[in-house]
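Numbers restart at 1 for each chain; the letters A, B, ... are given by sequence-line order, proteins then strands. Side chains are part of it too, since the values below use all heavy atoms of this structure and drop only hydrogens, waters and symmetry mates. Keep in mind the model is a prediction, meaning the values are calculated, not measured.
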There are 2 protein chains.
Amino acid sequence: MNISGAAKAAGLPVKTVRYYADIGLVEPAARTAAGYRDYDDTSLRKLSFVGRARGFGFSIAQCRELLGLYQDEHRTSAEVKQIASARLDDIRAKQRELQALHDELEHLVGACCGDERPDCPILDYLS
Amino acid sequence: MNISGAAKAAGLPVKTVRYYADIGLVEPAARTAAGYRDYDDTSLRKLSFVGRARGFGFSIAQCRELLGLYQDEHRTSAEVKQIASARLDDIRAKQRELQALHDELEHLVGACCGDERPDCPILDYLS
DNA sequence: GCTTGACCTTCCAGTTAGGGGAAGCCTTAC
DNA sequence: GTAAGGCTTCCCCTAACTGGAAGGTCAAGC
């Protein structure tokens with residue numbers, strides 16, 4: 001299967017699939033005589049795997065680790081869980097941060113009349 | 001005041017202050033004979049303003065707009081409120097996205113034993 | 001007056017995870 | 001045979017900095 005077929009199957013842009021091949025994350029099974037990337041079933045499954053992992057916000061480095069575990073017969077679920085837990089912690093940290101920003105900004109926006117006058121509690125707060 | 005003093009006063013890294021000068025966001029009031037950036041009271045206030053706005057997650061472009069309004073006698077609070085509301089909408093969208101990721105990933109992590117065996121619902125879900 | 005160390009300057013490269021587009025080869029359909 | 005479309009590599013671009021190198025400047029101490 002050529003790159004556009006693989007991209008479609010994995011639900012990724014062609015550029016992204018090429019990028020993953022460039023950085024050695026998911027390499028095509030082979031190249032055709034003309035130099036075209038050729039994806040087989042295994043490489044296709046890896047592409048989809050990475051696509052879903054990226055959807056969870058795992059970094060490329062984490063995807064690389066997860067992919068390694070995915071292909072490792074002797075992995076332990078503890079190793080996987082540790083990576084996923086780290087991501088979960090990141091998400092929770094980001095959520096707390098966003099919540100604080102949200103509350104503060106919502107308060108300011110609520111206090112601003114939004115009319116034709118120049119007086120503005122938002123600018124007051126920033127200055 | 002030289003750049004390290006200004007950076008300290010605004011609570012920003014020196015590199016960042018230099019960057020803001022480079023992109024014309026907050027320029028120093030003058031240069032000394034030796035070419036050193038020289039910050040006065042006004043430029044210091046702008047630096048702090050931008051630092052706080054960046055803390056809210058406003059983009060550099062939004063900071064530029066806010067700074068323009070801050071210095072504009074004829075601004076309307078509506079203009080400010082519009083920018084802030086846009087940022088608030090962004091935050092809320094990000095929060096919804098993170099919440100969905102959080103719930104799904106928390107569910108998977110909770111279902112993973114995290115022991116020595118290779119069986120893992122997280123990998124199962126990704127593959 | 002000289003040295004030393006801490007400043008300052010500019011410039012270049014790298015970061016994440018790709019996106020856009022050019023120049024040129026390959027394949028497929030008509 | 002040719003034209004359209006797909007593929008290749010290569011390079012530049014993004015946001016908002018950060019790190020580092022090479023070299024000029026300044027203040028303190030001897």
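Listed pair A:Arg31 / D:dT9 meets the phosphate criterion, a side-chain N or O lying under 4.0 Å from OP1 or OP2. Remark: A:Arg54 is in phosphate contact with C:dG18, judged by side-chain N or O atoms under 4.0 Å from OP1 or OP2. OP1 or OP2 of C:dG18 has at least one side-chain nitrogen or oxygen of A:Tyr20 nearer than 4.0 Å. In this structure, A:Ser59 does not reach the C:dT16 phosphate: none of its side-chain N or O atoms is under 4.0 Å from OP1 or OP2. Under 4.0 angstrom from either OP1 or OP2 of C:dA17 there lies no side-chain N or O belonging to A:Thr16.
Side-chain atoms of A:Glu79 come within 3.5 Å of backbone atoms of A:Thr76 as a donor-acceptor pair (strictly under, hydrogens ignored). The backbone N or O of A:Asp40 lies less than 3.5 Å from a partner atom in the side chain of A:Ser43, making a donor-acceptor pair.
Between B:Phe49 and A:Leu123 there is a side-chain heavy-atom pair separated by less than 4.5 Å.
A:Ile23 places its CD1 atom 17 Å from the C1' atom of D:dT9, with the value rounded to the nearest Å. Between the CE atom of A:Met1 and the C1' atom of C:dT27 there is a distance of 17 Å, rounded to whole Å. In this structure, B:Gln62 atom CD and D:dA15 atom P are separated by 12 Å, rounded to whole Å. When rounded to the nearest whole Å, the span between CG of B:Asp38 and C1' of C:dC8 equals 13 Å. Rounding to whole angstrom units, CG of residue B:Asp22 and P of D:dG19 are separated by 16 Å. Atom OH of A:Tyr19 and atom P of C:dG18 are 7 Å apart (whole Å). Straight-line distance from the CG atom of A:Leu12 to the C1' atom of C:dG18: 11 Å, rounded to whole Å. Here the C1' atom of nucleotide C:dT27 and the OH atom of A:Tyr36 are 6 Å apart, to the nearest Å.
Across the interface with DNA chain C, nearest-nucleotide mapping of B:Lys15 and B:Ser4 shows B:Ser4 to be the residue nearer the 5′ end. Nearer to the 5' terminus of DNA chain C, by closest-nucleotide assignment, is the contact made by B:Arg18 (compared with the other of B:Arg18 and A:Ile60). For the pair B:Ala61 and B:Ala34, both in contact range of DNA chain D, the more 5′-proximal nearest nucleotide belongs to B:Ala61.
A:Arg92 has a carboxylate O that lies under 4.0 Å from a charged side-chain N of B:Glu106, or vice versa, which qualifies the two as a salt bridge.
Comparing C:dG19, D:dT8, C:dT10 by their closest approach to the side chain of B:Arg37 singles out C:dT10.
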Take B:Arg87 and A:Leu101, measure what side chain to side chain contact (heavy atoms under 4.5 Å, CB included) needs, and give me the verdict at the end. CA-CA 10 Å; B:Arg87 174 68 190 133; A:Leu101 290 185; 4.2 Å; yes

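Residue A:Ile3 is classed as a sugar-phosphate contact, given heavy-atom separations below 4.0 Å to backbone atoms only.
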